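Read the structure below first, then the notes.
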There are 2 protein chains.
Amino acid sequence: MTGYAPAEAARRSGFSLDTLRYYEKIGLLADVNRTAGGQRVFTDDDLSWLVLFRCLRDTGMPIAQMCRYAALAREGEHTVDERRELLQRHAAQVEEQMRLLQRQYDHLREKIRFYERLPGPTPPDDDR
Amino acid sequence: MTGYAPAEAARRSGFSLDTLRYYEKIGLLADVNRTAGGQRVFTDDDLSWLVLFRCLRDTGMPIAQMCRYAALAREGEHTVDERRELLQRHAAQVEEQMRLLQRQYDHLREKIRFYERLPGPTPPDDDR
DNA sequence: CTCCAACCTGGAGTGCGCTCCAGGTCAAGG
DNA sequence: CCTTGACCTGGAGCGCACTCCAGGTTGGAG
């Protein structure tokens with residue numbers, strides 16, 4: 001039942017206030033409580049949604065897909081299968097992303113090793 | 001000495017033809033050879049630059065920084081230190097990126113485990 | 001020589017995910 | 001009360017990295 005002021009919610013979630021408003025505007029975050037005067041009051045539940053959104057975004061899920069997930073969750077129990085599958089598909093993409101990142105990181109490291117061996121008898125520099 | 005037509009270069013590099021032209025326009029790719037009539041002819045050297053650009057982009061380097069790197073390389077031998085440092089700083093950022101991705105992937109997996117335990121005596125679903 | 005698919009240019013348009021702004025309202029401390 | 005900093009709304013603007021377009025040119029197959 002604890003309520004958080006917008007600035008506090010922003011601080012805790014790591015999203016900017018503008019981003020929180022934006023997420024509400026596009027329907028990603030729905031039914032945010034308000035004071036009588038119309039100011040937002042975020043709940044712990046809102047906060048845990050934001051934690052999830054951060055996770056999904058950091059792993060590269062497009063906002064449209066997060067909206068889809070959130071809409072399914074709001075629809076109720078009968079969407080759990082679809083929600084699970086959505087997350088599983090995403091997880092598979094993240095795995096692919098991690099493999100690619102690792103591979104390219106290795107290339108980068110190799111490139112750096114090339115530079116680190118330069119000072120000394122300079123080998124033919126391909127300048128790439 | 002082998003030369004590649006634009007379409008072939010696109011195919012080999014994985015960049016679109018428009019992107020290759022764009023990279024040239026912004027000065028990322030410089031001095032691309034032309035036929036008498038003005039059509040581009042890509043060399044193996046151009047291709048290896050493109051391979052590097054792909055590596056840097058896949059690891060999240062902004063184009064402006066790639067331009068900087070390319071400009072340094074064009075300037076000659078005396079920029080090797082700066083080039084190495086640029087790549088090293090980038091590699092450090094990639095490491096951070098990989099750690100974050102792994103961490104959020106773990107969260108995601110946990111979330112999925114939550115869904116996988118659902119079918120059975122349904123525990124209190126927090127719907128997050 | 002003719003044809004047409006591939007290519008050229010400059011510049012406008014796109015999609016994403018915010019971010020900023022103007023002009024007004026709210027609410028807690030003094 | 002009064003002040004003032006946090007908050008509100010709708011909508012415009014931005015930065016990035018392309019992507020697309022119109023209108024014209026090139027060059028290799030037949």
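Please read all numbers here as calculations on a predicted model, not as lab measurements. Throughout, protein chains are lettered first and strands after them, A, B, ... in sequence-line order, and every chain is numbered starting at 1.
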Output yes when a side-chain donor or acceptor of [X] lies under 3.5 Å from a complementary backbone atom of [Y], and no otherwise.
{"X": "B:Thr19", "Y": "B:Phe15", "value": "no"}
{"X": "A:Arg54", "Y": "A:Ser13", "value": "yes"}
{"X": "A:Thr79", "Y": "A:Glu82", "value": "no"}

- Task: Hey, which sits more toward the 5' end of DNA chain C by its nearest nucleotide, B:Arg40 or A:Ala64?
- Result: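 The 5'-side residue here is B:Arg40.
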
- Message: Taking the nucleotide of DNA chain C with the nearest heavy atom to each, does B:Pro6 or A:Ala36 sit closer to the 5' end?
- Response: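 So the residue in question is B:Pro6.
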
- Query: Within this structure, what is the CD-to-P distance between B:Gln39 and C:dA6, rounded to whole angstrom?
  - Reply: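 Interatomic distance, CD of B:Gln39 to P of C:dA6: 12 Å.
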
- Message: In this structure, how many angstroms lie between the P atom of C:dG15 and the CD atom of A:Gln65, rounded?
- Response: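 Roughly 18 Å, once rounded to whole Å.
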
- Query: Would you say the side-chain atoms of B:Asp46 and B:Tyr4 include a donor-acceptor pair closer than 3.5 Å?
  - Reply: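 No, B:Tyr4 and B:Asp46 have no side-chain donor paired with an acceptor closer than 3.5 Å.
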
- Query: Does anyone know the first and last nucleotide of DNA chain D in reach of chain B, 5' to 3', at under 4.0 angstrom to a heavy atom?
  - Reply: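 Boundary nucleotides touching chain B, in 5' to 3' order, are D:dA17 to D:dG27.
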
- Query: Between A:Val41 and B:Gly60, who's closer to the 5' end of DNA chain D by nearest nucleotide?
  - Reply: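 It is A:Val41 whose nearest nucleotide is closer to the 5' end.
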
- Does A:Phe42 or B:Gly38 map to a spot on DNA chain D nearer the 5' end, using the closest nucleotide for each?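 First, find each residue's nearest nucleotide; the 5'-ward one identifies A:Phe42.
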
- Task: Taking only heavy atoms on the protein side, list every residue of residues 9-33 of chain A lying under 4.0 Å from any atom of DNA chain D, sorted numerically.
- Result: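 A:Leu17, A:Arg21, A:Lys25 - these, ordered by number, are the residues of the stretch whose heavy atoms sit under 4.0 Å from the strand.
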
- Query: Rounded to the nearest 0.5 Å, how far apart are OH of B:Tyr105 and CD of B:Gln102?
  - Reply: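 Rounded to the nearest 0.5 Å, the OH-CD separation comes out at 8.0 Å.
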
- In Å, rounded to the nearest 0.5 Å, how long is the span from CG of B:Leu47 to CZ of B:Phe42?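 So the CG of B:Leu47 and the CZ of B:Phe42 are separated by 8.5 Å.
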
- Go through the steps to decide whether B:Glu24 and B:Arg34 satisfy the test salt bridge (charged side-chain N to carboxylate O under 4.0 Å, His left out), and finish with yes or no. CA-CA 13 Å; B:Glu24 198 181 344; B:Arg34 303 293 185 117; 3.3 Å; yes

- Message: Using the salt bridge (Lys or Arg N to Asp or Glu O under 4.0 Å) criterion, which residues pair with A:Glu95? Sequence neighbours excluded.
- Response: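 Salt bridge (Lys or Arg N to Asp or Glu O under 4.0 Å) check on A:Glu95 returns B:Arg109.
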
